[in-house]
Amino acid sequence: MSVVVRPAAARGRTQIDWLDSRHTFSFGEYHDPAHMGFGALRVINDDRIAPGKGFATHGHRDMEIVTYVLEGALAHRDDMGNGTTILPGDVQRMSAGRGVRPTGTAARS
């Protein structure tokens, strides 16, 4: 297995009013059979979220999610009452076993 460097312009993209996301591997509506993952790693997304906006409540199951903030701040909460605001340079790891449901991710400028 070899590492392939994929510049942002060569990756899949989802762009809506509050989210601009680049997908390293097939994700959502973007499907590229040549880029399905790297071993057990299935998702590396570069998300730019508009201030005050974020993801609606959605489920996660049997996965590890690592979030790293480059600029701004990101508030991440779940339906069990856990949450924090992640600042530039911070790393958050979320382990979802039987089904964590984040209640929203909101960006702050």
Side-chain angles (χ1 to χ4, degrees):
M1 204 178 310
S2 64
V3 174
V4 175
V5 176
R6 297 187 68 209
R11 292 184 266 154
R13 187 174 194 184
T14 297
Q15 190 173 27
I16 56 178
D17 62 334
W18 61 271
L19 174 67
D20 186 4
S21 183
R22 297 291 184 154
H23 315 300
T24 303
F25 308 125
S26 291
F27 183 84
E29 298 294 315
Y30 168 65
H31 180 76
D32 181 347
H35 297 97
M36 297 300 291
F38 186 81
L41 181 61
R42 296 288 177 240
V43 177
I44 298 178
N45 288 349
D46 176 357
D47 294 338
R48 296 178 190 279
I49 304 168
K53 303 292 183 176
F55 297 97
T57 301
H58 58 286
H60 292 293
R61 184 180 176 112
D62 299 327
M63 64 180 70
E64 301 289 324
I65 298 171
V66 177
T67 303
Y68 181 77
V69 175
L70 296 174
E71 69 180 62
L74 196 65
H76 202 183
R77 310 270 180 257
D78 67 31
D79 61 343
M80 295 180 293
N82 302 307
T84 190
T85 298
I86 311 162
L87 302 172
D90 288 349
V91 176
Q92 179 190 58
R93 186 189 92 209
M94 179 177 69
S95 296
R98 294 192 54 191
V100 169
R101 292 187 53 80
T103 58
T105 301
R108 294 189 331 197
S109 56

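Shown here are the side-chain hydrogen bond (donor to acceptor under 3.5 Å, both in side chains) partners of Glu64, two or more places apart in sequence or in another chain: Arg93, Ser95. Scanning for side-chain hydrogen bond (donor to acceptor under 3.5 Å, both in side chains) contacts around Tyr68 gives an empty result, with sequence neighbours left out. Partners of Ile65 by side chain to side chain contact (heavy atoms under 4.5 Å, CB included), not counting sequence neighbours, listed by chain and number: His60, Met63, Thr67, Met94. Residues forming a side chain to side chain contact (heavy atoms under 4.5 Å, CB included) with Asp90 (at least two apart in sequence, or on another chain): Ile86, Leu87. For Asp47, the side-chain hydrogen bond (donor to acceptor under 3.5 Å, both in side chains) partners are Ser21, not counting sequence neighbours. The ring-ring contact (aromatic ring centres under 6.0 Å, His included) check on Phe27 picks up His23, with sequence neighbours excluded.
Remark: the backbone N or O of Asp32 is paired with a side-chain donor or acceptor of Ser26 at under 3.5 angstrom. Panel note: side chain Arg77, backbone Thr84; a donor-acceptor pair is recorded below 3.5 Å.
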Between side-chain atoms of residues 37-44 and protein atoms elsewhere (two or more places apart, or another chain), which donor-acceptor pairs fall under 3.5 Å?
{"residue": "Arg42", "atom": "NH1", "partner": "Gly39", "partner atom": "O", "Å": "2.7"}
{"residue": "Arg42", "atom": "NH2", "partner": "Gly39", "partner atom": "O", "Å": "3.3"}

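Closest of all the heavy-atom pairs between Gly72 and Pro88 is O-CD, 3.0 Å. Arg6 and Phe25 get closest at one heavy-atom pair: NH1-N, 4.4 Å.
The salt bridge (charged side-chain N to carboxylate O under 4.0 Å, His left out) contacts involving residues 16-28 comprise Arg13-Asp20, where partners must be two or more places apart or lie in separate chains.
In the displayed structure, Glu29 atom CD is contacted under 6.0 Å by at most 12 heavy atoms of other residues, nucleotides or ligands.
Here the side chains of Gln92 and Leu74 are not in contact, with every heavy-atom distance at 4.5 Å or above.
One finds the CZ atom of Arg11 at 9.0 Å from the CG atom of Asn45 (value rounded to the nearest 0.5 Å). Put simply, OG1 on Thr24 and NE2 on His35 are 9.0 Å apart, with the number rounded to the nearest 0.5 Å.
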